[in-house]
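Following: one structure in structure tokens, then a few remarks.
Every number for a ligand or one of its atoms is a count from 1 in the order of the listing.
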Amino acid sequence: MRKIVLIGYMGSGKSKIGQLLAEKLDFPFYDLDFLIENELEKSIGEIFSEEGEVFFRKKEHEVFKKVIESNESYVLSTGGGTPCYANNHLFLANEDVVSIYLKASIPVLVSRLKNEIDKRPLLQSLKDEETFEFIAKHLFDRSYFYNQCKYSVLTDDKSPEQIVAEINALL
Ligand SMILES: Nc1ncnc2c1ncn2[C@@H]1O[C@H](COP(=O)(O)OP(=O)(O)OP(=O)(O)O)[C@@H](O)[C@H]1O
Ligand SMILES: O=C(O)C1=C[C@@H](O)[C@@H](O)[C@H](O)C1
Ligand SMILES: [Mg+2]
């Protein structure tokens with residue numbers, strides 16, 4: 001049994017790469033944000049604005065725990081904050097988990113996210129000129145958790161297909 005768990009900052013490509021990797025491996029694909037949205041029948045934006053971030057983090061922990069303790073192989077794309085709250089990072093040490101940190105530089109994250117800010121409630125209220133510094137500090141704070149992954153893959157200047165091939169070779 002192999003649970004391939006993709007970790008990384010918003011815009012690092014977890015959802016995009018996870019879907020392609022699952023197709024390549026012929027594994028089921030789960031996206032934690034989609035699982036939460038389906039369960040609550042609300043978008044991530046609505047959950048943050050109507051219920052608040054703490055409610056979201058508790059639900060994220062509950063759904064993550066359920067998936068990580070299930071008895072099957074899969075590719076799981078986590079949310080950008082998943083390993084950073086509620087001791088979720090401890091599950092990354094499980095024997096059946098292969099955790100992969102998708103790394104991207106700050107300018108690349110900013111450029112990937114610039115047309116998708118409306119889908120990321122934590123970035124929504126920032127002015128354009130504040131985004132770079134916010135992401136730099138946020139990534140710095142979160143790196144301790146991201147760096148606990150078994151593998152790290154650099155994603156700057158690589159197509160999704162190249163990244164999937166690189167991960168496949170690691171596995
Ligand atoms: N290697 C890549 N090259 C170019 N664009 C990419 C690459 N990886 C992802 N993208 C694009 O960047 C955007 C963000 O990717 P994605 O939604 O997969 O990020 P994420 O890590 O799942 O973010 P979140 O934590 O917010 O869910 C998408 O438009 C996606 O198509
Ligand atoms: O980095 C984060 O904390 C988040 C990332 C997204 O995947 C969503 O889980 C949500 O927008 C929060
Ligand atoms: Mg995603």
Side-chain angles (χ1 to χ4, degrees), residues 4-24 29-40 42-68 74-89 99-126 131-132 134-147 149 151-168 170:
I4 296 156
V5 179
L6 302 184
I7 301 282
Y9 199 74
M10 288 175 265
S12 59
K14 302 176 297 297
S15 298
K16 175 82 186 166
I17 305 300
Q19 188 149 19
L20 292 175
L21 181 66
E23 278 166 28
K24 174 117 187 157
F29 172 59
Y30 301 118
D31 189 303
L32 195 63
D33 285 330
F34 294 156
L35 295 178
I36 297 167
E37 290 180 326
N38 281 345
E39 186 168 322
L40 297 175
K42 285 181 182 187
S43 69
I44 297 292
E46 286 167 338
I47 302 167
F48 269 72
S49 65
E50 292 171 20
E51 317 285 353
E53 183 173 351
V54 173
F55 174 90
F56 173 78
R57 295 302 171 194
K58 288 181 181 168
K59 178 56 73 179
E60 180 180 47
H61 172 70
E62 189 186 302
V63 179
F64 181 59
K65 186 171 185 305
K66 196 154 74 186
V67 177
I68 215 87
Y74 54 70
V75 175
L76 171 67
S77 296
T78 60
T82 309
C84 315
Y85 295 91
N87 279 333
N88 293 333
H89 66 290
S99 53
I100 300 171
Y101 173 22
L102 298 184
K103 276 185 135 165
S105 66
I106 298 151
V108 166
L109 292 172
V110 171
S111 116
R112 286 190 198 151
L113 289 167
K114 70 174 180 290
N115 298 320
E116 300 185 0
I117 293 285
D118 54 319
K119 290 195 211 140
R120 272 86 180 177
L122 292 175
L123 305 176
Q124 247 164 15
S125 58
L126 299 171
T131 308
F132 186 98
F134 177 90
I135 292 179
K137 168 71 165 57
H138 208 198
L139 187 57
F140 180 72
D141 290 342
R142 288 178 165 192
S143 293
Y144 167 80
F145 298 101
Y146 296 157
N147 283 324
C149 285
Y151 299 111
S152 291
V153 172
L154 302 175
T155 69
D156 284 11
D157 306 316
K158 292 177 190 162
S159 70
E161 291 72 20
Q162 279 174 305
I163 296 163
V164 167
E166 208 172 302
I167 295 174
N168 200 25
L170 284 175

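Under a 3.5 Å cut-off, the side chain of N38 and the backbone N or O of L35 do not form any donor-acceptor pair. Put simply, the side chain of N168 never gets that close to the backbone of V164: no donor and acceptor are under 3.5 Å apart. Using modelled atom types, one side-chain atom of N88 and one backbone atom of T82 make a donor-acceptor pair closer than 3.5 Å. Counting only distance, with no hydrogens or angles, the side chain of T78 and the backbone of L6 share a donor-acceptor pair below 3.5 Å.
For atom 7 (O) of ligand 2, the closest non-hydrogen atom on the protein side is D33 OD2, 2.6 Å. Given atom 21 (O) of ligand 1, the protein heavy atom at minimum distance is K14 NZ, 2.7 Å. Considering only non-hydrogen protein atoms, atom 2 (C) of ligand 2 sits nearest to G81 N, 3.3 Å. Among protein heavy atoms, the minimum distance from atom 16 (P) of ligand 1 is reached at G13 CA, 3.8 Å. Protein heavy atom nearest atom 5 (C) of ligand 2, with residue, atom name and distance: G80 N, 3.2 Å. Atom 1 (O) of ligand 2 has its closest protein heavy atom at R142 NH1, 2.7 Å. Counting only heavy atoms of the protein, atom 26 (O) of ligand 1 lies nearest to R120 NE, 2.8 Å. For atom 10 (C) of ligand 2, the nearest non-hydrogen atom of the protein is I44 CG2, 3.8 Å. For atom 27 (O) of ligand 1, the closest non-hydrogen atom of the protein is D33 OD2, 3.5 Å. Nearest protein heavy-atom contact of atom 31 (O) of ligand 1 is K16 CD, 3.7 Å.
Near S12, meaning under 4.0 Å from any of its heavy atoms, are these atoms of ligand 1: 21 (O). Distances below 4.0 Å separate heavy atoms of G79 from the following atoms of ligand 2: 7 (O), 9 (O). Remark: ligand 1 atoms within the under-4.0 Å shell around heavy atoms of G80 are 25 (O). Shown in contact with Y9 at under 4.0 Å from a heavy atom are these atoms of ligand 1, numbered in order with element: 21 (O).
Checking Q19, R112, E116 against atom 28 (C) of ligand 1, the nearest heavy atom belongs to E116. For atom 22 (O) of ligand 1, the nearest non-hydrogen atom from the set S15, S159, A104 belongs to S15.
With S105 as reference, D156 is the one residue of T155, V110, D156, L139 to meet the side-chain contact (heavy atoms from CB on, under 4.5 Å) rule. Applying the side-chain contact (heavy atoms from CB on, under 4.5 Å) test between V5 and each of L32, V67, I68 identifies I68 as the sole match.
Neither the backbone nor the side chain of D31 comes within 4.0 Å of ligand 1, counting heavy atoms alone. Neither the backbone nor the side chain of Y9 has any atom closer than 4.0 Å to an atom of ligand 2 (non-hydrogen atoms only). By the criterion of a heavy-atom distance under 4.0 Å, the side chain of L122, and not its backbone, is placed next to ligand 2.
Between the side chains of S15 and D31, a donor-acceptor pair is found at a separation under 3.5 Å. Residues H138 and Y9 have side chains that bring a donor and an acceptor to within less than 3.5 angstrom of each other.
At least one N or O atom of R57 sits closer than 3.5 Å to an N or O atom of ligand 2. For ligand 1, the polar-atom distance check finds no N/O of I163 at less than 3.5 Å from any of the ligand's N/O atoms. Polar contact check, K158 against ligand 1: a nitrogen or oxygen pair lies under 3.5 Å apart. Geometrically, ligand 2 and F56 share no nitrogen or oxygen pair separated by less than 3.5 Å. Here's the thing with T155: none of its N/O atoms is less than 3.5 angstrom from an N/O atom of ligand 1. Polar contact with ligand 1: absent for G79 (N/O pair, distance under 3.5 Å).
A salt bridge links R57 to E53: one of the charged nitrogens lies within less than 4.0 Å of a carboxylate oxygen. Using a cutoff of 4.0 Å between basic side-chain nitrogens and carboxylate oxygens, E166 and K158 are scored as salt-bridged. One finds a salt bridge joining E51 and K42 here, because a Lys/Arg side-chain nitrogen approaches an Asp/Glu carboxylate oxygen to under 4.0 Å. A salt bridge is defined here as a Lys NZ or Arg NE, NH1 or NH2 lying under 4.0 Å from an Asp or Glu carboxylate O, and R120 with E116 meets this definition.
Note on S15: counted as a metal contact of the Mg ion (ligand 3), an N/O/S atom lying under 2.8 Å.
Not a single heavy atom of S77 sits closer than 4.0 Å to an atom of ligand 1.
Aromatic ring orientation, F56 versus F48: tilted (interplanar angle from 30° to 60°).
By the 4.5 Å heavy-atom criterion applied to side chains, I167 and Y151 are not counted as neighbours.
Contact detail for S77 and F29: the closest heavy-atom pair is OG-CE1, 3.2 Å.
The line from OG of S99 to CD1 of I7 is 6.5 Å long, rounded to the nearest 0.5 Å.
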